[in-house]
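The sequence lines fix the lettering, A, B, ..., with proteins before strands; numbering per chain opens at 1.
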Amino acid sequence: MFTKTFSDTFAKKDNLLTRMDARIKLAFAVALLFLNLFGGAVVSLFIFAVAISTLLYLRIPTKALLIRLLEPLGVAGVIILVKLYFIGWSGLPEGLMIASRIIGAVSLILLLSMTTPVDALLKALSWFRVPRTWTDVALLTYRYIFVLLEDAFVVYSAQRVRLGYLGVSRSFQSFGTLAGAIVIRAYDQAMATSQAMRLRGYAG
Amino acid sequence: MKRIQLTALIGLIFLATPAHAMHLSEGILPIKWAVIWYLVALPFVAYGIYKVKNLSKEDITIKPMLGMMGAAVFIISCMPVPVPTAGTCSHPCGTGMAAILIGPVLSTFVASIALLIQALFLAHGGITTWGADIVSMGIVGSFSAYLTFKGLKKAGIGLIPAAFMGGVISDWATYTTTSFELATALQGKESFLNLFSTIMIAFIPTQLPLGILEGAMTAGMVAFVMKRRPEILENLGVIKMQSVVGTLLLIAVAIVPLAASAEEGKWSGVDESVVEKVAKEHGREAWEPFINTDQGDLLLFVFLIGGAIGGFVMGYYWRGIFDKKIPLNPSFPTGDERGIP
């Protein structure tokens with residue numbers, strides 16, 4: 001579930017937006033983000049409406065969209081409440097403005113990440129003069145998140161069947177062990193990967 | 001009274017969206033603050049890139065290593081951790097751990113990547129709030145953890161308690177910075193200090209226990225790696241391992257000249273100064289040794305043979321002293337090698 005909702009699976013599909021060059025999408029997204037910050041609530045809500053309807057048109061499952069939008073929507077709600085609490089009803093417009101800014105920006109980023117694979121995105125970034133060092137490490141990070149995640153699940157279920165995570169103090173211990181196991185896996189994977197890269201002619 | 005109730009209400013709603021305790025959501029910052037935090041964050045990230053670039057010229061493994069550490073931190077920071085006092089789940093921030101393992105500059109570099117991926121694929125944080133998130137989680141979280149860890153370790157507190165405190169301080173420092181950023185961003189007509197303190201108070205029920213949990217997790221991580229694979233901590237420069245053999249050799253090397261210089265002086269041994277004297281008084285002189293090694297090069301020859309035998313024995317067991325452990329039964333890998341935790 002996690003892997004499906006949070007990886008770039010949907011970006012690998014073939015549709016109008018995924019066929020578009022990543023550089024254009026990136027430039028548009030950044031420009032619209034600025035517009036979203038400058039323009040008022042109407043612009044933000046318009047961006048939100050367009051982005052979500054485009055995503056629905058591209059047949060992205062509604063459930064996946066909701067999972068990703070849940071958290072920012074919650075934050076937007078909290079901010080409206082904070083404003084109401086401090087200023088009273090006259091603070092409502094201000095709160096609504098910030099809330100609409102949040103959902104506009106989030107839906108925009110959602111549209112970008114649902115239609116652009118990470119490798120294409122990083123390639124576009126390096127075209128925009130982001131240093132190779134950064135994009136290299138970012139690509140490695142992204143690729144190995146899912147590998148390490150699988151290992152983490154294996155370790156976690158091994159701990160569960162051996163009565164880990166029972167009670168508070170034991171949970172603390174189990175979490176520490178899990179983190180340590182992940183670090184060890186990461187180290188070994190790094191050694192293996194760098195060896196494999198060097199064997200295939202990588203020279204830094 | 002009304003204020004306390006409302007603070008509690010806001011706290012409860014923050015708990016309802018608990019995973020958001022650390023990251024600032026996309027679009028929450030006005031353009032002014034977004035730019036300011038970008039400007040604060042960029043020098044640190046640029047220095048990190050410069051450092052990684054230089055390091056990768058000498059060491060080809062540095063990029064994969066940082067990538068894996070980034071992935072590890074990403075996963076650790078995504079773990080849903082139950083917060084006992086609040087009855088909900090939240091997540092640790094993980095940068096403290098990274099800072100202890102790879103140092104604050106590289107950990108800020110790694111955090112900048114992890115934050116971008118989280119912004120794109122988890123809706124944690126965002127592109128416009130990227131700078132602010134780097135400042136709170138990357139820079140403040142890394143440096144506070146690293147300085148606490150190193151300082152406490154230098155003060156003579158053990159490795160594990162130092163890691164614990166590093167995790168706790170990093171978590172709390174991050175949350176204070178986030179509250180500050182949030183207060184500056186949300187401030188309209190209300191007073192800044194008022195807003196800042198309210199946000200801090202609203203965070204306390206989750207963040208106070210979560211900080212302690214992050215400390216426990218960091219300590220547990222260091223303890224586990226120390227127990228299973230101490231050489232990882234040594235390679236990453238977290239600890240300096242002095243092998244017992246090395247220390248003994250050093251002591252031996254230091255003692256040999258001392259012993260040699262002592263022999264030249266007038267200090268004679270107990271045998272000569274006491275035993276021989278008493279024996280002489282009782283009329284029992286020492287007689288010639290049965291095998292007199294003073295004749296010719298006999299002493300030298302005996303030493304040579306002893307040296308040769310000792311050399312062969314030492315050479316045979318040399319790898320056992322300095323190399324990694326020799327498996328007892330090479331065909332059957334031990335638990336560590338199979339990677340079973």
Side-chain angles (χ1 to χ4, degrees), chain A residues 6 33 36-38 68-69 71-72 74-75 77-79 81-82 85-87 91 94 98 101-102 104-106 109 113 131 133-134 136-138 140-142 144-145 148-149 152 155 158 168 172-173 175-177 179-191 193-194 197-198 202 204, chain B residues 6 10 13-14 16-17 19-20 25-28 30-31 34 49 52-53 56-57 60-61 63-72 74-76 81 84 97 101 113-114 116-117 119-123 126-128 186 188-190 195 213 216-217 219-221 223-225 228-229 232 339 341:
Chain A
F6 296 108
L33 271 178
N36 178 54
L37 286 186
F38 281 121
R68 287 219 213 165
L69 279 176
E71 212 177 276
V75 174
V78 171
I79 280 163
L81 281 175
V82 169
Y85 162 46
F86 272 105
I87 311 177
E94 212 176 322
I98 299 180
R101 218 162 62 196
I102 291 175
V106 166
I109 292 305
S113 70
T133 315
W134 197 89
D136 275 3
V137 179
L140 282 165
T141 306
Y142 182 76
Y144 282 99
I145 280 172
L148 285 180
L149 199 64
V155 176
V168 174
F172 275 32
Q173 215 179 340
F175 271 120
T177 306
I182 293 174
V183 168
I184 292 177
R185 294 287 173 102
Y187 183 88
D188 290 345
Q189 186 66 57
M191 286 302 161
T193 304
S194 57
M197 278 158 71
R198 193 187 303 198
Y202 179 78
Chain B
L6 276 167
I10 292 168
I13 293 161
F14 264 114
T17 54
H20 226 279
S25 194
E26 179 79 272
I28 207 169
I31 186 82
I49 291 174
V52 174
K53 203 171 182 178
S56 67
K57 271 177 203 156
I60 205 169
T61 60
K63 277 182 189 173
M65 182 62 70
L66 288 177
M68 297 313 146
M69 285 298 152
F74 184 95
I75 289 169
I76 289 168
V81 173
M97 250 176 249
L101 287 175
I113 290 170
L116 189 78
I117 294 176
L120 284 176
F121 294 97
L122 296 184
I127 308 291
T128 51
L186 293 183
K189 293 168 206 130
E190 59 275 56
L195 190 60
L213 188 123
M217 225 166 141
M221 182 273 289
F224 185 76
V225 179
R228 284 294 165 90
R229 302 276 300 275
I232 290 181

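Side-chain contact between A:Trp134 and B:Leu116 is present, with at least one heavy-atom pair separated by less than 4.5 Å. Counting only heavy atoms from C-beta outward, the side chains of A:Phe175 and B:Met221 never approach each other to under 4.5 Å. For the pair A:Asp188/B:Arg229, a side-chain contact is recorded, criterion being any heavy-atom separation below 4.5 Å from C-beta on. Proximity of B:Met69 to A:Thr141: side-chain heavy atoms (C-beta onward) are nowhere separated by under 4.5 Å. Between B:Phe74 and A:Leu148 there is no side-chain heavy-atom pair separated by less than 4.5 Å.
In this structure, CZ on A:Phe38 lies 4.0 Å from CD1 on B:Ile31, to the nearest 0.5 angstrom. In this structure, the separation between CZ on A:Arg185 and CD1 on B:Ile75 is 11.0 Å, given to the nearest 0.5 Å.
Among all heavy-atom pairs drawn from A:Ser113 and B:Leu120, the shortest one is OG-O, 3.0 Å. Here the closest non-hydrogen pair linking B:Ile76 and A:Ala179 is CD1-CB, 4.0 Å. When all heavy atoms of A:Ala105 and B:Glu26 are compared, the closest pair comes out as CB-CG, 3.1 Å.
Heavy-atom distances place both the backbone and the side chain of A:Ala138 under 4.5 Å from chain B. Of the two parts of B:Ala119, only the backbone, made up of N, CA, C and O, holds a non-hydrogen atom closer than 4.5 Å to a non-hydrogen atom of chain A. Only the side chain of B:Ile117 has a heavy atom closer than 4.5 Å to any heavy atom of chain A. Of the two parts of B:Lys53, the backbone and the side chain both hold a non-hydrogen atom closer than 4.5 Å to a non-hydrogen atom of chain A.
With chain B as the partner, the residue from A:Arg198, A:Gln173, A:Met197 showing the most heavy-atom pairs under 4.5 Å is A:Arg198. Contact count versus chain A (heavy atoms, under 4.5 Å) is highest, among B:Val225, B:Thr61, B:Ile232, for B:Ile232. With respect to chain B, the highest number of heavy-atom pairs below 4.5 Å among A:Gly104, A:Ala152, A:Pro131, A:Ala190 belongs to A:Ala190. Between chain A and the options B:Ile28, B:Val52, B:Ile113, heavy-atom pairs under 4.5 Å are most frequent for B:Ile113. Of the residues considered (A:Leu69, A:Leu33, A:Asn36), A:Leu33 shows the highest number of contacts with chain B, using heavy-atom pairs under 4.5 Å. Counting heavy-atom pairs closer than 4.5 Å to chain B, the top residue among A:Val137, A:Val106, A:Leu140 is A:Val137. The candidate with the highest count of non-hydrogen atom pairs below 4.5 Å against chain A, out of B:Ala34, B:Pro64, B:Gly220, is B:Pro64.
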query: Do A:Ile184 and B:Phe224 pass the side-chain contact (heavy atoms from CB on, under 4.5 Å) test, and can you show the C-alpha distance, the side-chain angles, and the key distance before you say yes or no?
result: CA-CA 9 Å; A:Ile184 292 177; B:Phe224 185 76; 3.8 Å; yes
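Evaluated for a side chain to side chain contact (heavy atoms under 4.5 Å, CB included) with B:Ser25, the options A:Ile79, A:Val75, A:Ile98, A:Val78 yield exactly one hit, A:Val75.
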